[in-house]
Amino acid sequence: MATNIAEAVKLIENYQREYSKVTSSRLHCYLPAWAAGVNVEFRPRNSADIRFNGLLDADEQGRREMRDRINSLLDQILTVIVDGASKDEVYEAWQKICAPEVEKADVRFSSSAAPLPELPFNMQEVVRSVSENMRHDAARVNSQGESVHVAIALDGNLKHEAQVVVEGMVSNTKRPLHVYVLCRDHSQNDMDAVVDLFPEVEFTWIPCDSLDYGEITGMLSHITVSTMDRLMLPYL
């Protein structure tokens with residue numbers, strides 16, 4: 001254990017002394033470097049990874065509070081370890097130390113959900129309004145088999161990326177493909193361009209620009225309101 005701790009300290013000191021800035025996609029590099037005061041930038045490969053929940057949107061104060069809570073637990077258990085406790089004694093002590101946190105988690109996950117607030121819009125009116133602006137483009141090339149139905153949601157920032165997604169689906173299925181596009185910031189020319197690129201695909205365009213969900217909380221910073229549009233699929 002002493003050897004491993006010495007190696008860890010050496011690595012973190014190397015971050016501090018040798019680099020003016022550290023950029024990493026690895027959580028186990030980012031957090032120790034940040035805690036040691038290193039100028040570090042976190043670039044995860046998958047921002048939606050559940051391990052990063054609460055971290056990506058946390059400010060400096062929030063990260064410090066997390067660190068202090070973890071340190072308070074580690075201070076207690078490391079004392080038990082260096083005092084020479086057995087493996088079973090360490091596990092027993094760790095369970096006791098973490099019991100208050102576990103109790104909080106149990107309460108959080110077992111409590112009944114809070115009543116949902118009223119929608120900031122009239123569902124029937126929204127469905128009617130969106131439905132009136134739907135556009136359907138039948139496939140121009142016939143193919144055999146039962147259709148694969150796929151829904152995607154995007155705003156104007158992902159027009160080219162959406163084409164890549166459709167290309168991937170077209171290249172990897174021999175069955176007919178029907179794509180439902182919940183879109184924002186898409187003109188008729190944008191739709192025409194995609195239809196022309198993929199004549200073998202059936203498209204249903206569902207413009208959601210008029211949908212306003214009111215205040216939205218709990219979304220990661222890189223996610224736009226288009227993510228919410230998928231909740232409307234059962235109604236549309």
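Model, not experiment: these values are computed from the prediction.
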Table please: side-chain donor-acceptor pairs of residues 118-129 below 3.5 Å, with sequence neighbours left out.
{"from": "Asn122", "atom 1": "OD1", "to": "Gln124", "atom 2": "N", "distance (Å)": "3.1"}
{"from": "Asn122", "atom 1": "OD1", "to": "Glu125", "atom 2": "N", "distance (Å)": "3.0"}
{"from": "Arg128", "atom 1": "NH1", "to": "Glu132", "atom 2": "OE2", "distance (Å)": "3.2"}

Sequence-distant partners of His178, ring-ring contact (aromatic ring centres under 6.0 Å, His included), two or more places apart
His136, His149, Tyr180

For Phe52, all residues meeting ring-ring contact (aromatic ring centres under 6.0 Å, His included), sequence neighbours excluded
Phe42

Under 4.5 Å side-chain heavy-atom separation, chaining through any Ile, Leu, Val, Met, Phe, Trp or Tyr, what else clusters with Val141? Say none if it is isolated.
none

Who clusters with Val9? Use side-chain heavy atoms, under 4.5 angstrom, across I, L, V, M, F, W and Y, and order the result by chain and number.
Met1, Ile5, Ile70, Leu73, Leu74, Ile77, Leu78, Val80, Ile81, Val90, Trp94, Ile97

Answer with yes or no whether the hydrophobic clustering places Met134 together with Trp205; edges join I, L, V, M, F, W, Y residues whose side-chain heavy atoms lie under 4.5 Å apart.
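Result: no, two separate clusters.
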
Working for salt bridge (Lys or Arg N to Asp or Glu O under 4.0 Å), residues Asp137 and Arg135:
CA-CA 7 Å; Asp137 292 292; Arg135 165 179 165 173; 2.8 Å; yes

Would one find more than 12 heavy atoms of other residues, nucleotides or ligands at under 6.0 Å from atom CZ of Arg175?
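Correct, the count exceeds 12.
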
Mark yes when over 12 heavy atoms from residues, nucleotides or ligands other than Tyr213 sit less than 6.0 Å from its OH; otherwise mark no.
yes

Residue list, side chain to side chain donor-acceptor pair (under 3.5 Å) with Glu60, at least two apart or on another chain:
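By the side chain to side chain donor-acceptor pair (under 3.5 Å) rule, Glu60 matches Trp34, Arg63, Arg64.
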
Please name all residues satisfying side chain to side chain donor-acceptor pair (under 3.5 Å) with Thr23, sequence neighbours left out, ordered by chain then number.
none

Give every residue pair that meets the salt bridge (charged side-chain N to carboxylate O under 4.0 Å, His left out) criterion with at least one member in [range], sequence neighbours excluded.
{"range": "residues 70-95", "value": "none"}
{"range": "residues 32-54", "value": "Lys21-Glu41, Glu41-Arg43, Asp49-Arg51"}
{"range": "residues 182-191", "value": "Lys159-Asp190, Arg184-Asp229"}

For Gln16, which residues count as a side-chain contact (heavy atoms from CB on, under 4.5 Å) partner, sequence neighbours excluded?
Glu13, Ala36, Val38

Would you give me the side-chain donor-acceptor pairs under 3.5 Å for residues 163-172, sequence neighbours excluded?
{"from": "Glu167", "atom 1": "OE2", "to": "Ser171", "atom 2": "OG", "distance (Å)": "2.9"}
{"from": "Ser171", "atom 1": "OG", "to": "Glu167", "atom 2": "O", "distance (Å)": "2.9"}
{"from": "Asn172", "atom 1": "ND2", "to": "Gly168", "atom 2": "O", "distance (Å)": "2.6"}

